Amino acid sequence: YHITEESSDATQVLIAACKREKIDNIKQAIQLSGKQAIVIDVDTFALQNCYEVNYQPAPTDVVTLLNIGASTMNINIVQGERSLFTRDITVGGSQFTDVLQRSLGISFQQAEAVKRGVTENDNVDEKAIEPLMGSVMETVAMEIQKTFDFYRATAEDGGVTVQKILISGGGSKLEGLSQQLSARLELPVEVRLQVDDQGIPVRGVGEGDRHRGQAGPRPEPRPRRLERPLDGAGEAADHRRLVRERLHGAHVGEVLPGIG
């Protein structure tokens, strides 16, 4: 666990737990590839590490980190360097593929191509694509809004107001997704944490305001380790500290290419 805030009235604690079987399966897959796992991190917090190192948020900055994978969407509401609320939702890029495949009567490969904007198949009605994609985007937006509502309902004094959303993962590459989410949630949406040709973070892509992060040495990130490992955590008790040390001075694409 990790104590995030203490006061005379309450103590805020972040708890991370995972079934040993899942950890063993991940370690075995890595070992079969000829590698040895040093750190196994929680995906939501790994993305938060990337955000903190590249964006250096102020304590008053409140953002939602949204990682859209194939079948799961991770939502993390962050204030400064503190995670306020997390939620995993079983909605992802595969839902777009499934809807297109069923509704248009095409193969999986064809649906994947259509999802990416390739419509060379003469049997595909291009006018039907947009409403189908829009229906899934509406579901994604609704789940994000539900997360915001649940956070406000459970947080003290209604919580803080999210200022913007940063999206990453393979699903973030879907054409029009950031614009649709921005319109439906009435929030600015930036597409992914990006690195330019010189390895300098590029931010504000979703808002049309492209600018570089500050060059030069970055401040040493503050370690946030688990004070006490839960059963099954084992050698990963200090995973946050190790991951942050490895991330220090590195960029998203160099450390976690899958999310950049």
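Quick caveat, the model's predicted, so the values are computed rather than measured. Hydrogens, waters and symmetry mates are skipped; everything else that's a heavy atom, side chains included, is used.
A 4.5 Å side-chain heavy-atom check between Tyr55 and Val63 finds every atom pair outside the cut-off. Residues Leu181 and Leu66 are in side-chain contact: their nearest non-hydrogen atoms beyond the backbone lie under 4.5 Å apart. Residues Glu138 and Gln180 form no side-chain contact, since every pair of their non-hydrogen atoms from C-beta on lies 4.5 Å or further apart. Ile68 places none of its side-chain heavy atoms less than 4.5 Å from the side chain of Leu174. Between Phe45 and Leu65 the shortest side-chain heavy-atom distance does not fall below 4.5 Å. Between Leu47 and Ser168 the shortest side-chain heavy-atom distance falls below 4.5 Å. Side-chain contact between Glu6 and Gln12 is absent, with no heavy-atom pair separated by less than 4.5 Å. Taking the side chain as every heavy atom from C-beta outward, Met133 and Leu100 approach each other to under 4.5 Å.
Closest approach of Ile40 and Ala37 over heavy atoms only: CG1-CB, 4.5 Å. Contact detail for Ala141 and Leu185: the closest heavy-atom pair is O-CD2, 3.6 Å. Considering all non-hydrogen atoms of both residues, Pro57 and Tyr51 come closest at CB-OH, 3.2 Å. Here the closest heavy-atom approach between residue Pro188 and residue Ser182 is recorded as CA-OG, 4.1 Å. The shortest heavy-atom contact between Leu177 and Ser172 is CD2-CA, 4.2 Å. Among all heavy-atom pairs drawn from Ser135 and Leu132, the shortest one is OG-O, 2.6 Å.
Of the possible donor and acceptor atoms, one in the side chain of Ser94 sits under 3.5 Å from a partner among the backbone N and O of Ala70. Although no hydrogens or angles enter the test, the distance criterion places no donor-acceptor pair under 3.5 Å between the side chain of Arg184 and the main chain of Gln145.
In this structure, Asp149 pairs ionically with Arg152, as a charged nitrogen and a carboxylate oxygen lie closer than 4.0 Å.
Following chains of ILVMFWY side-chain contacts shorter than 4.5 Å, one cannot reach Leu32 starting from Ile26, and the two form parts of different hydrophobic clusters. A continuous path of hydrophobic side-chain contacts links Val91 to Phe150 [ILVMFWY only; heavy atoms under 4.5 Å].
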Carefully, step by step, assess Asn76 and Thr44 under the rule side-chain hydrogen bond (donor to acceptor under 3.5 Å, both in side chains).
CA-CA 7 Å; Asn76 186 10; Thr44 299; 6.0 Å; no

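Under the rule for a salt bridge (Lys or Arg N to Asp or Glu O under 4.0 Å), Glu175 has no partner lying at least two apart in sequence or in another chain.
For the side chain to side chain contact (heavy atoms under 4.5 Å, CB included) test with Ile165, the passing option among Ile75, Thr64, Val191 is Thr64; the others fail.
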